[in-house]
Amino acid sequence: MTVEAVFPVLEMRGIGKRFPGVIANENVDFDLRKGEVHTLLGENGAGKSTLMKILYGLYRPDAGELRLNGRPVRLSSPSDAIAHGICMIHQHFMLVPSLTVAENVALGLRSTRGPLTDLRHVARRIGELSDAFGLQVDPFADVWQLAVGERQRVEIIKALYRDASILILDEPTAVLTPREVDDLFETFRRMARQGRSLIFISHKLHEVLTLSDRITVLRNGRVTGETDPCNTSREELARMMVGRDVNLAPEKPAATVCEARLQIENLVVAGDRGTDAVCDVNLAVCGGEVLGLAGVSGNGQRELAEAVCGLRKPKSGVIRVDGQPVAPGNPKAVRKAGLAYVPEERMRDGAIGDFNIMENLLLLDHGEKRFCRNGFLRFGRIFKHCRKLVRAYAVKTPTLETPAKNLSGGNIQKLILARELSGNPKVLIAAQPTRGVDIGAAEYIHARLARQRTGGTATLVISEDLDEIFALADRIAVMCQGRLMGIVDRHEATRERIGLMMAGVDPDSPSKDYCPVSESTSR
Amino acid sequence: MNDFWTATILVATVASGIRLATPFLLASLGEALGQRSGVLNLGVDGVMLLGAFGAYYAVLKTNNLLLGVAVGVLLGALLGLFYAFITVNLRAQQGISGIGIYLFGLGMSDLLFQKLVGTPRPIMPFAIVRFPVLSDIPVIGEMFFDHSLIVYVAFLLVPLFTFIINRTTYGMNVRAIGENPEAADSLGVSVGRVRYSALIIGNSLAGLAGAALAIELGIFQQNLTNAMGFIAIALVYFGAWRPIGVMAGSLVFGLVASIVLQCKTLGIIPRSASDLAAMAPAVITVLALVVVANRFRQPAALTKPYIRGQ
């Protein structure tokens with residue numbers, strides 16, 4: 001091996017960063033060689049983002065040293081980083097929707113025409129890069145018109161245009177279909193072969209094992225290990241991330257399917273832009289089963305969930321709980337019918353950040369006789385009730401008066417689950433139940449959902465994470481562009497097949513409805 | 001009816017409509033630029049008042065119109081700098097701090113007027129600038145080429161601003177920062193610097209609008225603008241943040257105001273209803289706003305202070 005191949009292009013030594021009350025990074029060492037994909041693996045809050053923000057000039061480290069090609073550097077802003085050939089592809093795309101692709105690429109660059117923009121020149125260069133890396137995109141299209149996969153390509157072109165030698169990829173696959181992920185990884189490998197160095201941030205273990213040359217694991221702000229894909233396994237990586245053994249696929253008894261408890265018939269829902277986000281969807285979920293709804297985000301899942309929960313009035317269609325139609329667009333009636341909802345945006349729709357734990361737990365029941373007499377809250381009973389729930393659902397909080405916003409994502413989710421499940425719902429809609437939640441809490445939440453299934457609740461789990469769908473679901477439904485692509489039994493489903501359906505390809509076999517009663521009740 | 005009189009009145013109405021539209025156009029062009037960069041300034045009226053007083057006082061003392069205009073622009077720029085400091089560095093709520101600027105301008109211009117001038121004395125107005133051939137065209141010449149220099153300048157700023165916003169790197173930065181400042185920041189565009197410049201330029205125009213008003217009228221008094229700055233903000237929404245739209249809005253407003261004025265002098269509207277009729281431009285603008293403004297989306301980052309890493 002030549003000296004150059006081993007010599008690190010980037011070295012971070014003893015990096016430390018504290019925020020009030022939190023140690024985000026402590027004594028972190030990280031290095032990157034020319035032409036390699038080095039994965040940074042860790043849970044949310046492990047310190048991956050902080051470390052990368054330091055490298056990208058967004059944060060200044062409290063301690064430690066940064067060397068590029070052996071020379072120490074100080075990066076105090078993103079422009080410093082870009083000047084040193086470091087580019088970051090952010091998890092949430094850093095694109096301006098109202099500008100064109102070419103304008104987005106040209107942003108922040110010196111124009112060849114002085115104060116005037118040189119978009120034609122930029123577009124030509126984009127065309128060259130598109131051809132060289134297989135990243136097709138129209139330079140003059142407005143970004144808001146592009147699909148998610150295309151936006152991802154624009155982000156990569158932005159980095160290539162700046163001739164980045166070090167690329168930071170912050171969970172770049174979060175919003176892509178499995179097929180798109182394969183294409184993306186091919187592009188990444190091509191970039192690495194050209195001598196660019198890539199830092200890949202992820203918590204999806206199978207992706208990490210496919211793409212990486214080396215893997216560094218972070219936990220609680222510290223490096224807990226360095227390895228490579230040949231010498232490790234998913235189980236070992238999970239252990240390094242969490243610090244203990246993790247049960248990645250919990251055992252569960254076979255579904256004891258009874259009758260359909262949630263029925264969705266010919267549902268049409270308008271999206272925020274006025275076009276139909278959900279087109280004529282029929283679904284039935286039986287008591288005692290979990291129906292997983294897979295799909296790339298933005299294909300109508302959110303609108304479907306909101307319509308079912310009464311938060312968005314459908315254009316047409318009927319929703320039944322236990323055979324009884326519920327009033328559309330009326331959340332109170334839906335709740336009364338026995339439906340519970342764990343929303344996707346938990347801090348926006350699921351909890352009130354400035355309310356304390358107790359108030360958040362009581363959001364549904366505060367009007368009930370047992371908690372409220374003549375308009376006065378009965379605090380004695382409320383305290384008892386909440387203390388019981390917090391203990392039962394293992395919500396880690398100093399007191400019941402702690403504002404919900406001070407809890408971690410996992411604990412907020414447990415709090416919401418405690419509120420939603422305490423009424424023992426007939427139907428549960430859980431959207432992205434473990435997104436952004438640490439593995440420990442995710443394990444707990446999955447176990448809770450499984451227990452609810454055993455108890456006879458009909459559960460609809462909406463998730464973009466196929467691992468989660470496969471771990472929880474008895475049947476898997478796939479949505480693409482507002483339509484139901486089909487429903488597949490868990491035992492017959494493969495990642496490839498679901499992936500194809502997510503991309504809008506009809507699988508060979510027609511969709512089968514495994515719910516025996518749904519036929520007869522839905523006329 | 002006599003055709004000659006009808007034509008004369010029509011020409012006079014359009015010409016005065018254009019004149020009346022000018023301060024609105026200047027102020028709302030400036031406000032549009034600020035809003036495109038993501039900053040709402042509700043203090044336009046206050047800036048206009050200070051600009052108006054500054055210009056009036058300078059002309060009163062020196063009889064130099066150019067100096068008057070320069071003082072108006074400079075005061076606007078200073079207030080823009082101040083407002084940028086409040087909103088960019090101190091990250092103040094833009095709704096309320098704009099009201100603060102308004103109240104400051106309202107009070108300060110009156111105080112300075114009482115202390116420095118006391119009794120209103122007229123100043124010399126702008127000279128009419130006529131063009132050799134254009135101004136001699138019947139009807140057209142009288143309508144469009146019989147105005148003071150400031151009117152031409154205001155309308156020439158429309159294509160200039162359109163060009164700057166759409167075709168220059170600076171304009172692209174402004175648009176990007178008004179929509180997604182995080183994205184611009186991540187590419188090394190300084191959000192603060194762009195917002196500062198947009199606010200300084202924008203408020204200079206508000207100052208210029210005030211100066212134009214005071215010199216056009218040849219006088220200053222307390223609350224001279226009479227909430228024109230707020231109308232200018234409404235016109236930004238009316239014009240969907242585009243210079244050409246802002247110009248259309250200003251012209252509609254100016255023309256309706258001019259028609260109402262003309263009807264009053266001709267006695268078409270009874271004196272008892274004249275106060276009611278004076279509301280017409282505002283009412284029509286609001287109605288147009290309801291129709292127009294809902295079709296366009298405001299800059300996504302409007303009123304949101306930018307804090308890196310959030």
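We name chains A, B, ... by the order of the sequence lines, and we start the count at 1 in each one.
Between chain A and the options B:Asn180, B:Ile164, B:Asn173, B:Thr169, heavy-atom pairs under 4.5 Å are most frequent for B:Thr169. Contact count versus chain B (heavy atoms, under 4.5 Å) is highest, among A:Leu107, A:Leu95, A:Leu116, A:Val96, for A:Leu107. Options B:Arg175, B:Arg167, B:Met172 differ in how many heavy-atom pairs under 4.5 Å they form with chain A, and the most are formed by B:Met172. Each of A:Ser79, A:Pro115, A:Gly114 has some count of heavy-atom pairs under 4.5 Å with chain B, and the biggest count is that of A:Pro115.
Neither the backbone nor the side chain of A:Ala81 comes within contact range of chain B; no heavy atoms are under 4.5 Å apart. Looking at A:Arg110, there are no atoms closer than 4.5 Å to chain B (heavy atoms on both sides), in backbone or side chain. Neither the backbone nor the side chain of A:His92 comes within contact range of chain B; no heavy atoms are under 4.5 Å apart.
Residues A:Lys48 and A:Gly42 share a closest heavy-atom pair of NZ-O, 2.7 Å. Across all non-hydrogen atoms, the minimal contact from A:Asp138 to A:Val101 is O-CG2, 3.4 Å. Nearest heavy atom pair, residue A:Leu58 against residue A:Pro78, reads CD2-CG, 3.8 Å.
In this structure, CZ in A:Arg125 is found 4.5 Å from CG in A:Leu129, a value given to the nearest 0.5 Å. Considering CG of A:Asp80 and OH of A:Tyr56, their distance stands at 11.0 Å, rounded to 0.5 Å.
Other residues, nucleotides and ligands contribute over 12 non-hydrogen atoms within 6.0 Å of the CZ atom of A:Arg151.
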